[in-house]
Amino acid sequence: MNAINDVKPATMLRDLWYFALPASELVAGRMRHKTILGEPIVFGRDKDGKAFALRDICPHRGVPLSAGRMIGGEIECPYHGWRFQPHGQCSLIPSLVEGQDLDASRIRVRSYQIHEESGLVWIYMRENDRQPEPAPAPPRIPVAAGARPRLIEAQDFPCAVDHAVVGLMDPAHGPFVHNSWWWRGKTKPYPKAKQFEPSSLGFTMVSHKPSTNSLLYRILGGDLKTEISFSLPGLRIEHIRAGRYDVVGVTAVTPLEENLTEVTQTFFWTLPWLTLALPVLKPIAKTFLGQDRDMVILQQRGLRFNPPLMLIRDADVLAMWYYRLKKEWQESKGERRDFVNPVTASTLRWKS
Ligand code: FES
Ligand SMILES: [Fe+2]
């Protein structure tokens, strides 16, 4: 048994890529505000349609730039009309008269590195802007080039990032929380053994036939294989192969603030008929994620009293690995050395 005291629950890791928003939410000519890791950020698209992200605070007197408007691919602050280019440089200060030689181009808003691929926008949250080291490669989603998400469901969980991550990777809550008829019904927990291997910044449940006899797996057909990987800071990718078709589920956990965490589930698939089932799948996805969210809300009632918590073998080993990965990430950064994955290949057993 382990106590969860190694890592402060509210620690939000830096120098990692976080899921920011679906690409479809960024429309040319419009801005979108979002707080990520406690930082106010404005997202938009430049004249060429390329996505950008800036600190959502005007360097003049602090007004959110997202409250302004986009003009000719630039952002205009609503207070005094200062304009900023998508990479953050100030291009115009309307109040200046001839002879006032303030160089606007020396004024900058902090810009963030972002990456758009397969309909998803990721943001790199740096620890230190002053000594920028190159960002590592952004997350790779196993879908064909040009693939777009078929279904996206995002919900805000009123909890610190760790409770959202641990809740999503926890195998033992299924029979109690996700017991809707269309998932597993009232099936009693039964023994499972799953094989895990360390993988980049996390671990992978190696490809296997899904053991759950959930209705959703059953309708996908007989010859199923699934591989599930987890990596820091909070990314779970499930890749289901159903004969010659693929279904890829991406669950991304993004801390918005210390006690508010967004969980986004995105699905890609190549089965044509699954798209026809969208009117049924959408409410199912909403209910499923909502079941996790409701439990987190209930959990907050206990956590307010700051109780000691437990992690048990083997059902909570994934959570133990998560905390160890997090700790190693922080230590390797602090000691300026390479990250050494603390996970060892193992078979874990539990009933669920
Ligand atoms: S506060 Fe933005 S231009 Fe003055
Ligand atoms: Fe769940």
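Start at 1 and go down the list; that is how both ligands and their atoms are numbered.
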| Stepwise, does the salt bridge (charged side-chain N to carboxylate O under 4.0 Å, His left out) test hold for Glu25 with Arg30? | CA-CA 10 Å; Glu25 288 187 16; Arg30 271 194 251 151; over 6 Å; no
| Vertex atom 4 (Fe) of ligand 1: angle to ND1 of His80 and ND1 of His60, to 10°? | 90°
| Asp292 side chain to His173 side chain, donor-acceptor N/O pair below 3.5 angstrom | yes
| Is the closest side-chain donor-acceptor distance between Thr35 and Glu257 under 3.5 Å? | no
| field | His178 atom (N/O/S) at minimal separation from the Fe ion (ligand 2) | value | NE2
| Which of the N/O/S atoms in Asp292 sits closest to the Fe ion (ligand 2)? | OD1
| message | How far is atom 1 (S) of ligand 1 from the closest protein heavy atom, and which atom is that? | response | Arg61 N, 3.3 Å
| message | Looking only at the aromatic ring of each residue, does the gap between the centers of His178 and Phe288 stay below 6.0 angstrom? | response | yes
| message | I want to check a possible cation-pi pair here: Lys327 against Tyr323, using under 6.0 Å from ring centre and within 45° of the ring axis as the test. | response | no
| remark: Numbered in order shown, the ligand 1 atoms found under 4.0 Å of a heavy atom of Cys77 are 1 (S), 2 (Fe), 3 (S)
